Amino acid sequence: MLKYLTTHFNFVVYFFEVLAILTAIFTFKKFKNTKTKLFIYYLFYVGFVELGAAAITYFKSNILIEFLLKTGIKVIGWFNIFWLIGSVIFISIYYLNILKVRLFKLILTWLSISFTITSISYLLFNLSDLNTVHPYLYLFFGAVVIFTSCVLYFLELLQLDNLIKLTDHFPFYASIALFLWWLVTSPLFFYEIYNNESDWDFVNLKRRVFLFANIFMYTCFAIGLILSKPQPKNG
């Protein structure tokens, strides 16, 4: 079973991503007047990123994909732009909208601005790296932004006079999922040099870590959307 899941890694992950996105669609009405709506938009964005990557990988004969490929973009470059940069910016915007403590919002605002400027500047001055590597700058700085966002949210929860029922609060599910996903997967990027056909043990290990991390994360998102309740004031 594990071998089968590893071999069909992409399609298994697609299944859980689609599951989360479909859950988001069916629960959108429930959250349309809350800040959780922003996270639902994020899930739609994830769908766009994955659809683009899948199209570049499996549908190269398509006219639109042929045009995209002529620009020089490859899957690794696509993920560099839309996942390692775009996804982090999207998540930081979500947390800026749900955080209430002024100091926390200020910290995250400056951190997010610094990440955006630094990442885009690095991209523009190092275009040769776009389709060849996942730069450590994106990985490290992006992880810092995500961890900071989640930690600030957890600290804010601890400061509440009347601690909310966490199972009713969607940001709690999202924060647990995001924090653990980045915690588990980030270290693997620093061993990317071993991710090649000469070291299948590492290749399979990386696939399995990402597989179960993705399953956990998207399942958390789906369960959170189903179980949590609309809370216009805090998410």
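Given the structure is predicted, the values throughout are model-derived calculations rather than measurements.
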So Thr148 and Tyr95, side-chain hydrogen bond (donor to acceptor under 3.5 Å, both in side chains) or not? Walk me through it.
CA-CA 10 Å; Thr148 302; Tyr95 278 95; over 6 Å; no

Trace of the ring pair (Phe, Tyr, Trp, His ring centres under 6.0 Å) decision for Tyr138 with Tyr122:
CA-CA 9 Å; Tyr138 301 161; Tyr122 182 91; 5.7 Å; yes

Quick one: do Val46 and Phe90 satisfy side chain to side chain contact (heavy atoms under 4.5 Å, CB included)? Show the steps, please.
CA-CA 10 Å; Val46 170; Phe90 214 127; over 6 Å; no

Decide ring pair (Phe, Tyr, Trp, His ring centres under 6.0 Å) for Phe221 and Tyr173; before the verdict, give the C-alpha distance in whole Å, the side-chain angles of both, and the deciding distance to 0.1 Å.
CA-CA 7 Å; Phe221 293 160; Tyr173 294 93; 10.0 Å; no

Apply side chain to side chain contact (heavy atoms under 4.5 Å, CB included) to the pair Leu157 and Phe172, showing each step before the final yes or no.
CA-CA 9 Å; Leu157 280 183; Phe172 177 73; 4.3 Å; yes

With side chain to side chain contact (heavy atoms under 4.5 Å, CB included) as the test, would you mind laying out the steps for Trp181 and Phe210 before giving the verdict?
CA-CA 8 Å; Trp181 190 93; Phe210 271 91; 3.7 Å; yes

Side chain to side chain contact (heavy atoms under 4.5 Å, CB included) between Val145 and Ile91, intermediate numbers included
CA-CA 9 Å; Val145 173; Ile91 289 296; over 6 Å; no

Tyr94 vs Ser149, side-chain hydrogen bond (donor to acceptor under 3.5 Å, both in side chains): CA-CA, chis, key distance, verdict:
CA-CA 9 Å; Tyr94 170 68; Ser149 300; over 6 Å; no

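With a 6.0 Å radius and a threshold of 12 heavy atoms from other residues, nucleotides or ligands, Phe154 has its CZ atom above the threshold. Surrounding CZ of Phe44 are more than 12 heavy atoms belonging to other residues, nucleotides or ligands, all under 6.0 Å away.
Between Tyr45 and Phe48, the two ring planes are tilted [angle within 30° to 60°]. Taking the six-membered ring where the residue is Trp, Phe115 and Phe141 present perpendicular rings, their angle passing 60° and hence far from 30°. Taking the six-membered ring where tryptophan is involved, the planes of His169 and Tyr153 are essentially parallel, since the angle between them stays under 30° and well short of 60°. In this structure, Tyr14 and Phe11 have perpendicular ring planes: the angle between them is above 60°, well past the 30° mark.
In this structure, Ser228 and Phe31 have side chains that are in contact, with non-hydrogen atoms separated by less than 4.5 Å. Between Phe79 and Glu50, the closest side-chain pair of non-hydrogen atoms falls below 4.5 Å. A 4.5 Å side-chain heavy-atom check between Leu225 and Leu43 finds at least one atom pair inside the cut-off. For the pair Tyr42 and Ser87, the minimum side-chain heavy-atom distance is below 4.5 Å. Within the 4.5 Å cutoff, the side chain of Ile85 has no heavy atoms near those of the Asn80 side chain.
Minimum heavy-atom separation, Ser112 to Leu96: OG-CD1, 4.5 Å.
Atoms CG and CZ, from Leu211 and Phe216 in turn, are 14.0 Å apart once rounded to the nearest 0.5 Å.
Residue Ile120 is not grouped with residue Val88 when hydrophobic side chains (ILVMFWY) are merged at heavy-atom distances under 4.5 angstrom, including chains of intermediate members. When the side chains of ILVMFWY residues are joined at heavy-atom separations under 4.5 Å, either directly or via intervening members, Ile25 and Leu51 end up in two distinct hydrophobic clusters.
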